[in-house]
Amino acid sequence: MTAEIKSEDFLREKISPHIKRLIEEGNNAIELQFKSLSKKLKKSSFKFDPLAEDTLYSPARGLTHKFSNRLLWKINLNCASYCQFCTRRRQIGLENKILSRKDIKKGINYLYQHKEIEDVIISGGDPFCTPKATEFLIKEIDKINSVKVIRIGTRLPIHSPELLARKEILSLMKIISKISTKKPIFVLLHVEHPSELTHMAKNFIQSIKKTGAIVLSQTVFLKKINDNVDVLASLFTGLYHLGVIPYYIYRCDYVRGLEKFICPIRKEMLIMTKLRKTLSGIAIPTYVIDVEGRGKIPVPLNFWRGTNLSECNDFDGKKIQI
Ligand SMILES: *Cc1c(COP(=O)(O)O)cnc(C)c1O
Ligand code: SF4
């Protein structure tokens with residue numbers, strides 16, 4: 001359980017040298033993601049943790065076990081830069097930024113006791129920001145026969161691609177190579193705008209691909225940043241041409257502090273519909289909304305008549321208001 005959040009400006013600004021350079025070159029789409037524009041949060045009905053990651057579904061520190069066959073494991077709360085639209089802005093960069101070996105052992109025991117978990121999603125923060133801990137964790141998970149798939153989420157190739165040269169990162173890459181010959185490892189990149197795919201970022205992504213890991217990407221719809229057909233067409237095509245499969249595009253979570261990033265749902269739906277008409281199916285991510293406590297529900301595209309975008313059925317068939 002996370003302690004009650006008292007500070008009103010808890011996600012401070014952290015901008016890596018690489019991102020800083022892009023901002024200085026006049027990249028507005030990047031600046032809007034990382035520059036902290038206002039310190040005080042406006043009054044809002046949104047919660048800090050609407051998906052209840054840290055309460056309802058957390059059997060041990062760092063773990064969120066919401067779906068029986070999949071486990072989300074937040075190994076740290078640190079990133080090379082802080083995205084102001086982060087869904088976990090309530091905890092990124094706060095104290096106890098990294099799980100101890102003891103915490104990790106507890107999680108490993110939980111995996112041994114829960115044979116129904118076949119898929120472990122290592123997230124954070126950014127697991128590539130603590131390569132040693134991530135290496136330790138994937139080596140431990142590798143020994144557990146009931147876990148068939150490992151996923152690692154990262155934004156490091158976008159934030160600080162120069163860190164590819166670090167000894168610890170190279171060592172993590174080696175372990176990924178080794179394990180991925182036995183168990184599939186999916187690396188989930190987080191990319192928001194085509195201008196993030198710089199030469200150096202591409203180089204980092206190519207190195208991940210060389211390990212044998214399957215590389216996917218995730219994107220969040222962000223107002224004034226990527227809520228545009230041409231921008232997203234260029235992003236998804238760029239990823240596809242790199243051999244990266246766009247996996248999800250999320251509607252921005254209704255998290256306190258993210259109000260200014262949320263686009264109208266109808267606009268998003270129409271953008272995704274247009275993209276579906278022109279891009280390869282492989283380059284089209286599934287457009288989902290992570291509904292409070294329910295799961296990632298696909299938003300319908302505008303091909304069928306009479307769809308109501310203000311309510312949907314959850315995974316149990318219960319009607320919910322969006
Ligand atoms: C998103 C998520 C997953 C993984 O869902 P997939 O649809 O399999 O990618 C697992 N656990 C939690 C808590 C999640 O939020
Ligand atoms: S990289 Fe991910 S976890 Fe880190 S601040 Fe950005 S969105 Fe949040």
Side-chain angles (χ1 to χ4, degrees), residues 10-16 18-19 30 32-36 48-59 62-94 97-98 114 116-130 147-160 184 186-193 196 201 214 216-222 225 245-253 255 257-258 261 285-298 315:
F10 46 90
L11 185 66
R12 58 183 177 87
E13 196 178 271
K14 179 177 175 188
I15 297 178
S16 63
H18 177 78
I19 292 290
I30 304 243
L32 288 170
Q33 292 180 51
F34 297 97
K35 280 265 179 200
S36 167
F48 285 113
D49 183 18
L51 305 179
E53 281 187 347
D54 302 318
T55 48
L56 277 179
Y57 306 106
S58 185
L63 308 187
T64 305
H65 193 190
K66 183 163 167 183
F67 307 111
S68 77
N69 56 350
R70 286 157 287 171
L71 180 75
L72 177 69
W73 195 323
K74 285 183 279 182
I75 189 160
N76 64 36
L77 295 172
N78 200 13
C79 305
S81 297
Y82 296 156
C83 316
Q84 292 298 318
F85 56 87
C86 180
T87 199
R88 297 184 186 133
R89 57 174 292 146
R90 67 184 182 279
Q91 48 188 196
I92 293 301
L94 292 184
K97 281 192 267 203
I98 169 164
H114 290 264
E116 73 277 16
I117 299 170
E118 301 171 322
D119 184 345
V120 178
I121 302 146
I122 306 171
S123 176
D126 191 331
F128 272 54
C129 281
T130 54
V147 178
K148 308 295 182 198
V149 166
I150 301 172
R151 302 189 222 177
I152 309 171
T154 183
R155 214 178 178 205
L156 196 67
I158 306 301
H159 285 163
S160 298
F186 291 84
V187 173
L188 280 144
L189 302 171
H190 172 177
V191 196
E192 292 296 337
H193 191 272
E196 291 165 25
I214 300 157
L216 307 175
S217 70
Q218 313 190 84
T219 301
V220 183
F221 258 116
L222 298 172
I225 295 170
I245 303 171
Y247 175 43
Y248 275 141
I249 180 159
Y250 299 94
R251 177 155 175 72
C252 186
D253 288 327
V255 165
L258 303 196
F261 291 108
T286 306
Y287 168 36
V288 293
I289 171 165
D290 210 339
V291 180
E292 214 174 305
R294 318 288 177 116
K296 298 176 184 71
I297 297 179
F315 294 166

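Note that ligands are numbered from 1 as they come in the structure, with each ligand's atoms numbered from 1 the same way.
Remark: Gln84 engages no residue in a side-chain hydrogen bond (donor to acceptor under 3.5 Å, both in side chains) (not counting sequence neighbours). Judged as a ring-ring contact (aromatic ring centres under 6.0 Å, His included), and not counting sequence neighbours, the contacts of His190 are Phe85.
Each of the following atoms of ligand 2 lies closer than 4.0 Å to a heavy atom of His159: 1 (S).
More than 12 heavy atoms of other residues, nucleotides or ligands lie within 6.0 Å of CD1 in Ile121, so this atom counts as buried by the packing criterion.
Among all heavy-atom pairs drawn from Val191 and Thr219, the shortest one is O-OG1, 2.8 Å. Contact record, Thr286 with Pro298: CG2-CB, 4.4 Å, taken as the closest heavy-atom pair.
Listed by chain and number, Thr64, Lys66, Phe67, Arg70, Leu72, Ile121, Arg151, Tyr247, Tyr248, Lys296 each place a non-hydrogen atom less than 4.0 angstrom from ligand 1.
Here atom 4 (Fe) of ligand 2 has protein N, O or S atoms under 2.8 Å from it, and they come to 1.
Distance alone, capped at 3.5 Å, is enough to place a donor-acceptor pair between the Arg88 side chain and the Gly124 backbone. Using a distance-only test at 3.5 Å, with no hydrogens or angles considered, a donor-acceptor pair links the side chain of Ser81 to the main chain of Ser16.
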| field | Pair Glu192-Arg155, salt bridge (Lys or Arg N to Asp or Glu O under 4.0 Å): steps then yes or no | value | CA-CA 10 Å; Glu192 292 296 337; Arg155 214 178 178 205; 5.1 Å; no

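Remark: His159 NE2 to Ile30 CD1 distance equals 8.5 Å, nearest 0.5 Å. For the atom pair CG (Asn78) and SG (Cys129), the distance works out to 5.5 Å, reported to the nearest 0.5 Å.
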